[in-house]
Amino acid sequence: MQPFTKEVITIIKGIPEGQVMSYGQIAKAAGNPRAARQVARILHSMSRKENLPWHRVVNAKGEIVVGGEEAIFTQRSTLEEEGVQVQDGKVSLSRYRYNFDESE
DNA sequence: GCTGTGACGCCAT
DNA sequence: AATGGCGCCACAG
């Protein structure tokens with residue numbers, strides 16, 4: 001497993017409850033600000049077997065946009081369970097954006 | 001025009 | 001056959 005992939009997983013698993021991160025931020029924190037899309041791909045690839053909290057990962061707009069409404073509802077409900085205020089299917093990234101740089 | 005963001009795969013072992 | 005790894009290019013402000 002490549003260091004980058006491992007970093008991404010570690011970061012996602014390192015996200016506390018009630019916090020969310022954008023793809024670009026994770027990729028940047030992992031060491032590759034250009035691999036935002038790859039993060040999503042790896043995220044899904046790993047979540048196949050592992051229990052990764054990928055629902056805590058949203059896009060830079062804070063909007064939960066996936067290929068299924070039911071998936072959105074599930075992720076949205078889970079986020080509210082975590083303590084994240086989901087407004088109109090979106091979270092206040094400005095408030096729940098996990099400062100990985102400061103936590104590092 | 002430049003830089004940031006983007007979610008469900010495809011190929012090899 | 002199934003699982004792991006890949007680190008881009010195009011669109012929008």
Side-chain angles (χ1 to χ4, degrees):
Chain A
M1 181 180 290
Q2 302 304 345
F4 170 73
T5 316
K6 185 174 58 178
E7 292 296 286
V8 176
I9 304 171
T10 309
I11 294 172
I12 297 174
K13 290 168 59 179
I15 302 180
E17 302 175 29
Q19 301 291 86
V20 294
M21 283 187 70
S22 54
Y23 290 97
Q25 199 173 12
I26 297 176
K28 195 193 329 173
N32 276 56
R34 315 270 87 144
R37 189 107 179 282
Q38 294 298 78
V39 175
R41 209 177 282 182
I42 298 171
L43 180 66
H44 270 253
S45 299
M46 296 303 294
S47 58
R48 291 173 162 169
K49 274 192 41 172
E50 297 299 306
N51 236 54
L52 285 182
W54 60 273
H55 49 270
R56 290 187 189 154
V57 188
V58 292
N59 55 18
K61 301 172 295 273
E63 303 179 63
I64 306 175
V65 46
V66 302
E69 298 179 62
E70 301 178 276
I72 299 178
F73 184 75
T74 308
Q75 183 175 20
R76 178 200 199 187
S77 304
T78 312
L79 288 174
E80 294 186 80
E81 292 292 297
E82 299 291 290
V84 179
Q85 295 296 300
V86 184
Q87 302 173 34
D88 193 64
K90 297 179 295 187
V91 296
S92 305
L93 246 190
S94 314
R95 277 191 270 185
Y96 301 106
R97 187 171 36 178
Y98 175 50
N99 301 291
F100 187 81
D101 184 70
E102 295 180 31
S103 185
E104 200 276 322

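Letters go in sequence order (proteins before strands), and every chain restarts at 1. Predicted model only: the values in this text are computed from it and were never measured. Excluded from the calculations below are hydrogen atoms, water molecules and symmetry mates; all remaining heavy atoms, backbone and side chain alike, are included.
Protein chain A contacts DNA chain B from B/dG4 to B/dC10, reading 5' to 3' and using non-hydrogen atoms of the protein with a distance under 4.0 Å.
B/dG1 and C/dA10 have their P atoms separated by 14 Å, given to the nearest Å.
Interatomic distance, CZ of A/R76 versus CD of A/Q87, reported as 10.5 Å (0.5 Å rounding). If you take CD on A/E17 and CD on A/E82, they are separated by 4.5 Å, rounding to the nearest 0.5 Å. To the nearest 0.5 Å, the span separating CG on A/N59 from CG on A/L93 amounts to 7.5 Å.
A/R48 places its CZ atom 8 Å from the C1' atom of C/dA2, with the value rounded to the nearest Å. The nearest whole Å value for the distance from the NE2 atom in A/H44 to the P atom in C/dG4 is 15 Å.
Across all strands shown, B/dC8 remains unpaired; no Watson-Crick or G-U wobble contact has both distances below 3.5 Å.
A residue-by-residue look at A/I42 and A/K61 shows that A/K61 has its nearest nucleotide of DNA chain B further toward the 5' end. Comparing A/Q38 and A/N59 by the nucleotide of DNA chain B that holds the closest heavy atom to each, the one mapping nearer the 5' end is A/N59.
Applying the 4.0 Å criterion to OP1 and OP2 of C/dC6, one finds that A/T5 has a side-chain N or O inside that range.
Among the heavy atoms of the strands lying under 4.0 Å from A/A36 is at least one base atom, whether or not backbone atoms are also near.
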